[in-house]
Novice: 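Have a look at the structure that comes next, please.
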2 protein chains.
Amino acid sequence: MDKKALFNKWVSFTTSVHQVTHELTQNVKSDSITPVQYNILEYITVSQPVTPSDISNCQHISMPNTSRELKKLSEKNLIEKVTDTEDRRKQYIRLSKDGKIMMDEALAFVEFRFLNRIQNASKEDLEDIDRALDVLQTKLFY
Amino acid sequence: MDKKALFNKWVSFTTSVHQVTHELTQNVKSDSITPVQYNILEYITVSQPVTPSDISNCQHISMPNTSRELKKLSEKNLIEKVTDTEDRRKQYIRLSKDGKIMMDEALAFVEFRFLNRIQNASKEDLEDIDRALDVLQTKLFY
DNA sequence: CCCATTACTTATCATTTGATAACAAAACTA
DNA sequence: TAGTTTTGTTATCAAATGATAAGTAATGGG
């Protein structure tokens, strides 16, 4: 197996993933939040409950800036903070009711476009895709 | 095949791809250029020669902003512009010698990290990965 | 109890990025 | 050739983002 060729394939693959992701997610976010805020909400949606430190680490945003953006999201009533009862320095962040509604709508929109994209795939294609996602998830993008 | 489940798998997959891509590419770019400028150079590297319009479309940057960033890259001697002889409105953008050196170094660094990541994969694993990349590239991220 | 560490906040500033209006030059079109 | 479209530029402004310094409060280890 030529690892150099595999690298090149990986480069164009990730480029395609980014491009398609952009296509499926463009204009799904409300105008009332910024792109970075949307990313934070998306991360919370998938991983909640999370701490500000988690967000800082995983979204690669400094703690001061994370704190600022969370404050803004809080002021917009999209998230809720709960202090850990064990360690009162820690905060657990969750989507608020409004936040959940906003993200449900956004993800439904993305899902619609996704289903549209695979509408012409045969049963076998879908199974191939499913297997391929598993393979890459476990062996490359772990 | 449950398409809803496939969508969820797709969401976590793309999240992983973005995360791993970030890991492999972090700190590879010179401090003398901004993230957006790096993306433009990367796009030029893969697709050259390209026109400003191509960059604007594919990188989702407005023409005025594309023009501004290209001007900055030009001032840093990282790219060269050549006017089309047939249609003199068009410009073809290429990496300059310096630009090529910069991107070669950056990509070599990314490749090093990539090889590191797959160093423990068996021959069969690599073949699985290779096939999976092909499947997804043709059937999902086309 | 004291000191170091952790988790998070506040304030401030510079830079980057995005958006818009107005323009110029070349090419196409009727 | 006059008007329109395409391709790209310049200028300007506001907003988003990133970086840093300084601070608070809770925890944990001697």
Side-chain angles (χ1 to χ4, degrees), chain A residues 18 22-23 25-44 47-76 78-94 102, chain B residues 18 22 25-44 47-76 78-94:
Chain A
H18 283 84
H22 186 274
E23 273 175 42
T25 57
Q26 74 181 166
N27 304 329
V28 298
K29 80 163 192 45
S30 152
D31 286 343
S32 63
I33 59 174
T34 70
V36 166
Q37 286 167 9
Y38 177 79
N39 289 337
I40 291 174
L41 287 182
E42 204 176 56
Y43 175 66
I44 297 172
S47 313
Q48 64 185 331
V50 295
T51 65
S53 305
D54 292 336
I55 297 171
S56 176
N57 288 328
C58 296
Q59 298 292 302
H60 315 100
I61 307 171
S62 70
M63 272 303 291
N65 292 337
T66 302
S67 186
R68 177 185 59 201
E69 299 307 322
L70 288 177
K71 190 181 176 188
K72 288 180 190 169
L73 288 171
S74 212
E75 285 163 355
K76 291 172 187 166
L78 295 171
I79 61 168
E80 283 160 1
K81 301 182 183 184
V82 179
T83 307
D84 186 332
T85 48
E86 311 256 298
D87 183 342
R88 292 188 338 210
R89 290 170 305 182
K90 285 188 188 166
Q91 305 254 322
Y92 291 115
I93 314 282
R94 288 182 172 286
M102 176 186 277
Chain B
H18 282 84
H22 186 275
T25 56
Q26 74 181 165
N27 304 328
V28 299
K29 81 164 192 43
S30 153
D31 286 343
S32 63
I33 57 173
T34 70
V36 166
Q37 285 166 10
Y38 177 79
N39 290 337
I40 291 174
L41 287 182
E42 206 176 56
Y43 175 67
I44 297 172
S47 313
Q48 64 187 330
V50 295
T51 65
S53 305
D54 293 336
I55 297 171
S56 175
N57 288 327
C58 296
Q59 300 290 302
H60 315 100
I61 307 171
S62 69
M63 272 303 291
N65 292 338
T66 301
S67 184
R68 176 185 61 201
E69 298 309 320
L70 288 177
K71 191 181 176 188
K72 289 180 188 169
L73 288 171
S74 212
E75 284 163 355
K76 291 172 188 168
L78 296 170
I79 61 167
E80 283 160 2
K81 301 182 185 184
V82 179
T83 307
D84 187 333
T85 48
E86 310 258 298
D87 183 342
R88 291 190 340 213
R89 290 170 305 181
K90 285 188 189 167
Q91 305 255 319
Y92 290 114
I93 314 283
R94 289 182 171 283

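First the proteins, then the strands, lettered A, B, ... as listed; each starts at 1.
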Novice: Out of D/dT9, D/dT12, C/dC8, which has the shortest distance to the side chain of B/Q91?
Specialist: D/dT9
Novice: Rounded to 10°, tell me the angle between the two end axes of the helix from C/dC1-D/dG30 to C/dA30-D/dT1, each built from five pairs.
Specialist: 30°
Novice: Strictly distance-based, threshold 3.5 Å: is any side-chain N or O of B/T66 a donor or acceptor partner for the main-chain N or O of B/S62?
Specialist: yes
Novice: Counting side-chain heavy atoms from C-beta on, which of C/dC8, C/dT16, C/dT10 comes nearest to B/P35?
Specialist: C/dT16
Novice: What's the CG-C1' distance between B/N39 and C/dT17, to the nearest Å?
Specialist: 12 Å
Novice: Got a salt bridge between A/E75 and A/K72, using NZ or NE/NH1/NH2 to carboxylate O under 4.0 Å?
Specialist: no
Novice: Side chain of A/P52 only, heavy atoms from C-beta on: which candidate in D/dA21, C/dA19, C/dC8 is closest?
Specialist: C/dC8
Novice: Without decimals, in angstroms, what is the distance between A/I55 CD1 and C/dC8 P?
Specialist: 9 Å
Novice: Tell me whether A/K81 at atom NZ has more than 12 heavy atoms from other residues, nucleotides or ligands lying less than 6.0 Å away.
Specialist: yes
Novice: Just the rounded figure in Å: distance from C1' of D/dT10 to NZ of B/K72.
Specialist: 13 Å
Novice: Should A/T66 be listed as having a side-chain N or O under 4.0 Å from OP1 or OP2 of C/dC8?
Specialist: no
Novice: Is a donor from one side chain sitting under 3.5 angstrom from an acceptor on the other, for A/K76 and A/Q37?
Specialist: yes
Novice: Any side-chain N or O of A/K81 less than 4.0 Å from the OP1 or OP2 oxygen of C/dT9?
Specialist: yes
Novice: Shorter than 3.5 Å, N or O on both sides, protein versus nucleotides 25-27 of chain D: list them out with atom names.
Specialist:
from: D/dA26; atom 1: OP1; to: A/R88; atom 2: NH2; distance (Å): 3.1
from: D/dT27; atom 1: OP1; to: A/E86; atom 2: O; distance (Å): 3.2
from: D/dT27; atom 1: OP1; to: A/R88; atom 2: N; distance (Å): 3.1

Novice: Side chain of B/T51, backbone of B/Q91: donor and acceptor closer than 3.5 Å?
Specialist: no
Novice: B/K90 side chain: which of C/dT20, C/dC8, D/dT7 is closest?
Specialist: D/dT7
Novice: Between B/M63 and A/E69, which has a closest nucleotide on DNA chain D that is more 5'?
Specialist: B/M63
Novice: When you measure from the side chain of A/S47 to the backbone of A/Y43, do you find a donor-acceptor pair of N or O atoms at a distance under 3.5 Å?
Specialist: yes
Novice: Closest approach of B/M63 and B/P52, non-hydrogen atoms and distance?
Specialist: SD-O, 3.9 Å
Novice: Write down the distance between CG (B/L70) and P (D/dT7), rounded to a whole number of angstrom.
Specialist: 15 Å
Novice: Measure from CZ on A/R68 to P on D/dA16 and round the result to the nearest Å.
Specialist: 10 Å
Novice: Reckon B/T51 touches a base, only the sugar-phosphate, or nothing at all at heavy-atom distances under 4.0 Å?
Specialist: sugar-phosphate
Novice: Rounded to whole Å, please give me the gap between CD1 in B/I33 and P in C/dT15.
Specialist: 17 Å
Novice: If you assign A/Q37 and A/S62 each to the DNA chain D nucleotide with the nearest heavy atom, which residue ends up on the more 5' nucleotide?
Specialist: A/Q37
Novice: To the nearest Å, how far apart are B/Q59 CD and C/dG18 C1'?
Specialist: 15 Å
Novice: Could you tell me whether the side chain of B/I79 reaches within less than 4.5 Å of the side chain of B/R94, counting heavy atoms only?
Specialist: no
Novice: Picking from D/dT9, C/dT12, C/dA7, which would you name as closest to the side chain of B/S67?
Specialist: D/dT9
Novice: Test your reading of the model: is there a side-chain donor-acceptor pair from B/N57 to the backbone of B/D54, 3.5 Å cut-off?
Specialist: no
Novice: Can you find a side chain N or O atom of B/T34 that sits less than 4.0 Å from OP1 or OP2 on C/dT17?
Specialist: yes
Novice: From the options C/dA21, C/dA19, C/dT17, select the nucleotide whose nearest atom is closest to the side chain of B/N65.
Specialist: C/dA19
Novice: How long is the line joining CD1 of A/I93 and P of C/dC8, in whole Å?
Specialist: 8 Å
Novice: Heavy atoms, side chains only, cut-off 4.5 Å: are B/N39 and B/Q59 in contact?
Specialist: yes
